[in-house]
Amino acid sequence: MEEKDNEVQLLEIQIVATIIYIGSLILSIALTYNDEKITKKETTIFTNKQAANLSIFNRFLVVILTLVFLYTTYESRKNAKRRGEEMWPFDLQMYASELSLLATIIVLYVILETAGEQYSIVPGINNPSL
């Protein structure tokens with residue numbers, strides 16, 4: 001029974017993390033829309049400083065969410081191992097989560113190192129999406 005409670009708790013964590021991730025995606029859309037306005041030389045919804053700060057916040061948030069998903073994958077793998085299930089699907093999920101974490105850390109590093117500078121493929125704007 002304790003294992004079922006653990007699995008339910010992991011699913012609840014994933015639900016909350018997914019909802020927060022949707023919020024992060026909405027923020028990315030807003031930042032991209034703001035960049036479109038900048039490119040068109042129209043009135044923006046964020047100042048440059050606000051957009052930069054929101055972009056950094058969003059990247060940190062995505063790293064934290066990726067860590068949460070990595071944790072839930074690790075715990076699910078442990079539960080499957082105790083039940084004697086095949087491990088290769090869980091191992092592949094772990095590798096994918098680890099690679100995702102590496103990617104989010106690299107993107108965060110780029111954002112922090114180029115704050116206030118141009119790093120997008122579109123001249124003069126930032127790239128808030130991940």
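We're numbering straight along the sequence, starting at 1. Just so it is clear, the structure is predicted and the values come from calculations on it, not from any experiment.
- Pairs of residues two or more places apart, or lying in two chains, never qualify as salt bridge (Lys or Arg N to Asp or Glu O under 4.0 Å) while including a residue from residues 97-107.
- Taking the side-chain hydrogen bond (donor to acceptor under 3.5 Å, both in side chains) definition, one finds that Ser76 meets it with nothing, sequence neighbours left out.
- A search for side chain to side chain contact (heavy atoms under 4.5 Å, CB included) contacts involving Lys41 returns nothing, not counting sequence neighbours.
- Taking the side chain to side chain contact (heavy atoms under 4.5 Å, CB included) definition, one finds that Thr47 meets it with Lys49, Gln50, sequence neighbours left out.
- Hydrophobic clustering, defined by side-chain heavy atoms of Ile, Leu, Val, Met, Phe, Trp and Tyr closer than 4.5 Å, groups Ile22 together with Ile26.
- Taking Ile, Leu, Val, Met, Phe, Trp and Tyr as members and joining any whose side-chain heavy atoms lie under 4.5 Å apart, directly or through other members, Tyr109 forms no hydrophobic cluster with any other residue.
- Screening residues 10-34 for salt bridge (Lys or Arg N to Asp or Glu O under 4.0 Å), with sequence neighbours left out, gives no hits.
- Leu101 and Ile64 fall into different hydrophobic clusters, where Ile, Leu, Val, Met, Phe, Trp and Tyr are joined by side-chain heavy atoms under 4.5 Å apart, directly or via other members.
- When atom types are taken as modelled, the side chain of Thr66 and the backbone of Val62 share a donor-acceptor pair closer than 3.5 angstrom.
- Note: the hydrophobic cluster containing Leu10 does not contain Met94 (ILVMFWY, side chain heavy atoms under 4.5 Å, direct or indirect links).
- Residues Thr73 and Ser97 come closest through the heavy atom pair OG1-OG, 3.6 Å.
- Contacts of Glu7 classified as salt bridge (charged side-chain N to carboxylate O under 4.0 Å, His left out), with partners at least two apart in sequence or in another chain: Arg83.
- From Leu92, atom CG reaches atom CZ of Arg77 across 10.5 Å, with rounding to the nearest 0.5 Å.
- Between the side chains of Lys78 and Tyr74, not a single donor N or O lies within less than 3.5 Å of an accepting N or O.
- With sequence neighbours excluded, the residues satisfying side chain to side chain contact (heavy atoms under 4.5 Å, CB included) with Leu102 are Ile106.
- Side-chain contact between Thr43 and Lys37 is absent, with no heavy-atom pair separated by less than 4.5 Å.
- A salt bridge does not link Glu85 with Lys81: none of the charged nitrogens is closer than 4.0 Å to a carboxylate oxygen.
- Across all their heavy atoms, Ala17 and Val68 have their closest contact at CB-CG1, 3.9 Å.
- Between Thr44 and Tyr33 there is no side-chain heavy-atom pair separated by less than 4.5 Å.
- Pairs passing the salt bridge (Lys or Arg N to Asp or Glu O under 4.0 Å) check and including a residue from residues 16-28, sequence neighbours excluded, do not occur.
- Phe46 and Asn34 get closest at one heavy-atom pair: N-OD1, 3.0 Å.
- In this structure, CG on Asn53 lies 12.5 Å from CG on Asn58, to the nearest 0.5 angstrom.
- The hydrophobic cluster containing Ile15, built from Ile/Leu/Val/Met/Phe/Trp/Tyr side-chain heavy atoms closer than 4.5 Å, also comprises Ile19.
- The heavy-atom pair separating Val110 from Thr114 by the smallest distance is O-OG1, 2.6 Å.
- The minimum heavy-atom distance linking Ile105 with Val63 is given by the pair N-CG2, 4.2 Å.
- The hydrophobic cluster containing Met87 does not contain Tyr95, counting ILVMFWY residues as joined when their side-chain heavy atoms lie under 4.5 angstrom apart, directly or transitively.
- Applying the salt bridge (Lys or Arg N to Asp or Glu O under 4.0 Å) test to pairs two or more places apart or on separate chains, none has a residue in residues 17-34.
- Closest approach of Ala30 and Ile45 over heavy atoms only: O-CD1, 3.7 Å.
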